[in-house]
Amino acid sequence: MAASVLWQPKEEGLREICGLLEQSISPNSDKSLIWQQLQHYSQFPDFNNYLTFIFAHAEGTPVEIRQAAGLLLKNNLRNAFKSMSPSNQQYIKSELLPSLGAADRHIRTTVGTIISVVVQQGGVSGWRGLLQALLQCLDSNDLNHMEGAMDALSKICEDIPQELELDVPGVAERPINVFLPRLFKFFQSPHASLRKLSLGSVNQFIMLMPTALLQSMDQYLQGLFVLAHDSTAEVRKLVCAAFVQLIEVRPSVLEPHLGNIIEYMLQANKDTDEEVALEACEFWSAYSEAQFRPESLSSFLPRLIPVLLSNMVYAEDDESLADAEEDESFPDRDQDLKPRFHASRFHGADDAEDDDDDIVNIWNLRKCSAAALDIFSNVFGDDILPTLMPSVQAKLASTDDATWKEREAAVLALGAIAEGCISGLYPHLPEIVSFLIPLLDDKFPLIRSITCWTLSRYSKFIVQGIGHPKGHEQFDTILMGLLRRILDTNKRVQEAACSAFATLEEEAAEELAPRLEVILQHLLCAFGRYQKRNLRIVYDAIGTLADAVGGELNQPRYLDILMPPLIAKWQQLSNADKDLFPLLECFTSIAQALGPGFSQFAEPVFQRCINLIQTQQLAKVDAVSAGVQYDKEFIVCSLDLLSGLAEGLGAGIETLVAQSNLRDLLLQCCMDDTCDVRQSALALLGDLARVCPAHLRPRLSEFLNAATKQLNTPELKETVSVANNACWAIGELAVKVHQEISPVVMTVVSCLVPILQHTEGINKSLIENSAITLGRLAWVCPELVSPHMEHFMQSWCIALSMIRDDIEKEDAFRGLCAMVRANPSGALSSLVYMCKAIASWHEIRSEDLHNEVCQVLLGYKQMLRNGAWEQCMSALDPPVKDKLSKYQL
């Protein structure tokens, strides 16, 4: 095969490739063999020309084969277009354009996809003639040509809208300025396909909001109002999507029309087409975030809330209805076992929010409506109760089987408003709970499962009420009710009950202690019965229980229930089994809770973690020798469990570390190319520094360099959790190895100061840890740090004043005092900030640190004469001055 300017296919090549394409779409063909043969042909430089010819010219060939050629061409061009010869590129472009008006719709839509891929590769300016061809088709009045061009244009708008905003050499106007008037004109086309494609295309520019669209906003909005009641559901859905995006990006343009738009969205929320209703429902959360005055919406609530409640009822075709029939005798399907991701260990105040509200995994009108109700309850609070509660009560009052979905939606609504309306609901909580408890035994599994979720939404308030009359009885009733449902035979109910119980555990903490035995019996009974998917949730509930009750768990009668089944499972799972992940996490929580009490189980657990890390590090370079496929999660979970052991056993881990090669493995992990591995490795480094620093000393400088490197990176914001743990670990090492840290001190300080000086957009934990580590370095090496203190004193003191009282804050202030002793003049210009930082203490428990701080303040009072001290004090707020009076000034 050879490419030339006047390229023509050879008959034999055409026949062979058509034959292969025909086989490729046959259901009974050997796909891998055909794929190999197509790969062989793709070695020839003009293979894509053949595909183009078949797609564009093989009129007598079945459309399915032509379409297969087009789709294969699209995939090839995505990878190879830029490396093709200019003559072949030109041939393909010239043959594609005439197909825009092809009689067959499949050919038209496929050519649009291919054209978009070529534009992605070479830009609009790289395809001379494209714009003119599209315009000619759009202006042709021939439906096939208009539809073909509109399809191609819509795909360009979807994939690379910014391309149409660029100047094109030799063209007077930017493409978007030329196309927009035509797109608006198609809003009024009698053909639904053109209305849909044109509106979808304009919507793609909302996020970019180019000048051309902003200047045509009135025309766009008028077009949306015209299309708002379109006979085609897909067009109405796009109208709703436009309003949702506009309110997110440019709410001001909607403000003059807000009343009409809210009215329209309310009606669209009742659309008979569920996709239109779902798109309209997205508007309410977007509206709430747009900072409009709530009053603009409040008058619509009496009509809107019943619509939301009605849409929260399960649709007949909801997948959950079929899934809910599965009891525990049904084996889990592969699609039930979603991939799970372990969150690497993080030291500090984690900013991540735990989303416990994912009742069902598929986003649909029911969930969107519940989310909107949740948002409204937070915006309007108890004001929505007079509208909502009569409907909820009416639905709950019906007891016949035919109305079970209505009852279920009412329970969902009670859960959705739990946080936002709590002040109005709290006095009625006993009645709500007494109404919900019987529903835990309802004959319909989806009522049992939603009741578990709704009770979990009130768990914080139920725990708060334990001290009130009958509060403990109420708590106990819920606890036992959820435990009963954990042993439900229905898999969906098991999942909901276990998740709800984990939420209750987090809130109740030590209140669970009197019931530990019965809780463990139920959880371990579930552990023996559950299948893979729900087993993960049991692990989570056991781990959460350990976190909640801590050392209370460390009693033989509890350990005899808890540990044997877990150890049996631990021994049963191979080193390549991903079911180890949740078990490793569970053991991490148990090790931390039991503390030294875990020592009887520690050695095999420690050794298994070492083996897992070693095996995976080998698998990374040679999977065959390792006997397993590499998966970083095994390393991350093992490192985190070792951290849990270090935290639980304390110095008791020393003998295990001494007899292992953990130090060398850990150093390798600290330098791993994967963020998650480095993050967990650096957390373990800090934990080991606390309990057995002697075992790190032989490679101390390498550990310090590896940790410092994580702070000295231009991608700091992308790897903030790694930097956070590195910073914390350096601080922990500093207070243990003292002067041995001096070689890296100034490098670390030079990384920490910019973090403290530019805190915007930086994780709160990293700022806190940076302030603490800077203080710890100053404490152990004041002679190195103090000469530079005036450069960072102000921002450092601001960060210190945000930290809660604890041992780490004490260390940082020891550093402050050490620096001031070494260089008193270095803090003079920041004295007000230093006083505010000192005043941030609720109480300094360490007597010697309290005395040191007194000495520092007294020293400055004596140093600043002629009214300078009084001037400094006058700049402080009265509460700060009051707190400083503790220090005998």
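Counting begins at 1 with the first residue of the sequence. Please read these numbers as outputs of a predicted model, since none were measured by experiment.
- Checked for salt-bridge contact, Arg108 and Asp104 miss the test: no charged N lies under 4.0 Å from a carboxylate O.
- Other residues, nucleotides and ligands place more than 12 heavy atoms under 6.0 Å from the CD atom of Gln162.
- Side-chain N or O atoms of Asn725 include one that pairs as donor or acceptor with a backbone N or O of Gln679 at under 3.5 Å.
- Between Leu584 and Leu612 the shortest side-chain heavy-atom distance falls below 4.5 Å.
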- [ ] Could you walk me through whether Arg366 and Asp318 pass salt bridge (Lys or Arg N to Asp or Glu O under 4.0 Å), step by step?
- [x] CA-CA 9 Å; Arg366 163 189 162 80; Asp318 196 305; 5.1 Å; no
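- For the pair Thr113 (side chain) and Thr109 (backbone), a donor-acceptor distance under 3.5 Å is present.
- Leu580 has its side chain out of reach of Cys637: every pair of non-hydrogen atoms, C-beta onward, lies at least 4.5 Å apart.
- Shortest non-hydrogen contact noted between Leu238 and Asn203 is O-ND2, 3.0 Å.
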- [ ] Start with the C-alpha distance between Asp271 and Arg236, add both sets of side-chain angles, then the distance that settles salt bridge (Lys or Arg N to Asp or Glu O under 4.0 Å), and finish with yes or no.
- [x] CA-CA 9 Å; Asp271 200 287; Arg236 297 197 302 277; 2.9 Å; yes
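- Scanning both residues, Pro175 and Leu131, for their nearest heavy atoms gives CG-CD1, 4.0 Å.
- Summarising the geometry of Leu21 relative to Ala69, their closest heavy-atom pair is CD1-CB, 3.7 Å, with the distance given to 0.1 Å.
- The minimum heavy-atom distance between Pro98 and Glu95, with the atom names listed, is CD-O, 3.4 Å.
- Between His191 and Phe186, the distance from one ring center to the other does not fall under 6.0 angstrom.
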TODO: Could you walk me through whether Arg15 and Glu12 pass side-chain contact (heavy atoms from CB on, under 4.5 Å), step by step?
DONE: CA-CA 5 Å; Arg15 205 170 42 251; Glu12 184 189 355; 4.1 Å; yes
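- Checked against the 6.0 Å centroid criterion, the rings of Phe47 and Phe44 do not qualify as a close aromatic pair.
- The SG atom of Cys137 sits 10.5 Å away from atom CG of Asn144, with the distance rounded to the nearest 0.5 Å.
- Taking CG from Asp46 and CG from Leu51, the interatomic distance works out to 10.0 Å, rounded to the nearest 0.5 Å.
- Looking only at side-chain heavy atoms (C-beta outward), Ser193 and Met150 stay at 4.5 Å or farther from each other.
- A donor-acceptor pair is defined here as one N or O able to donate and one able to accept, closer than 3.5 Å; no such pair exists between the side chain of Ser680 and the backbone of Asp640.
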Open item on the list: Determine whether Arg105 and Val63 satisfy the following criterion, side-chain contact (heavy atoms from CB on, under 4.5 Å), listing intermediate values before the conclusion.
Closed with: CA-CA 10 Å; Arg105 188 171 56 85; Val63 164; over 6 Å; no
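- We find the CD-CG distance between Glu274 and Leu365 to be 5.0 Å, quoted to the nearest 0.5 Å.
- Between Ile160 and Ser116, the shortest heavy-atom contact is CD1-O, 4.1 Å.
- Atoms NE2 and OG, from His229 and Ser231 in turn, are 12.5 Å apart once rounded to the nearest 0.5 Å.
- Using modelled atom types, no side-chain atom of Ser29 and backbone atom of Lys31 make a donor-acceptor pair closer than 3.5 Å.
- Looking only at distances, a side-chain donor or acceptor of Gln616 sits under 3.5 Å from a matching main-chain atom of Asp631.
- With hydrogens and angles ignored, the 3.5 Å screen pairs no side-chain donor or acceptor of Thr713 with any backbone N or O of Gln710.
- Note: Phe243 and Tyr264 have perpendicular aromatic rings, judged against thresholds of 30 and 60 degrees for the angle between ring planes.
- Within 6.0 Å of the NZ atom in Lys74, the count of heavy atoms belonging to other residues, nucleotides or ligands exceeds 12.
- When the shell of 6.0 Å around CD of Gln67 is examined, it contains more than 12 heavy atoms from other residues, nucleotides or ligands.
- Two residues are said to be in side-chain contact when any heavy atoms from C-beta on lie closer than 4.5 Å; Ile17 and Phe53 fail this criterion.
- In this structure, the side chain of Tyr50 engages the main chain of Lys10 through a donor-acceptor pair within 3.5 Å.
- Of the candidates Lys620, Lys632, Lys709, Asp672 forms a salt bridge (charged side-chain N to carboxylate O under 4.0 Å, His left out) with just one, namely Lys620.
- The number of heavy-atom neighbours closer than 6.0 Å to CD of Glu234, taken from other residues, nucleotides and ligands shown, is 12 or below.
- In this structure, the side chain of Gln43 engages the main chain of Gln39 through a donor-acceptor pair within 3.5 Å.
- When all heavy atoms of Ser32 and Asp30 are compared, the pair lying nearest together is OG-OD1, 3.0 Å.
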Task: Derivation and outcome, salt bridge (Lys or Arg N to Asp or Glu O under 4.0 Å), residues Glu279 and Lys237 - done: CA-CA 6 Å; Glu279 199 61 62; Lys237 179 183 169 184; 5.0 Å; no
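- Remark: Trp127 CH2 to Leu134 CG distance equals 8.5 Å, nearest 0.5 Å.
- Applying the 6.0 Å contact sphere to CD of Gln120 captures more than 12 heavy atoms from other residues, nucleotides or ligands.
- A donor-acceptor contact shorter than 3.5 Å links the side chain of Ser83 to the backbone of Ala80.
- To the nearest 0.5 Å, the span separating CD1 on Ile92 from CG on Asn88 amounts to 6.0 Å.
- Between the side chain of Glu163 and the main chain of Ile156, no donor-acceptor pair closer than 3.5 Å is present.
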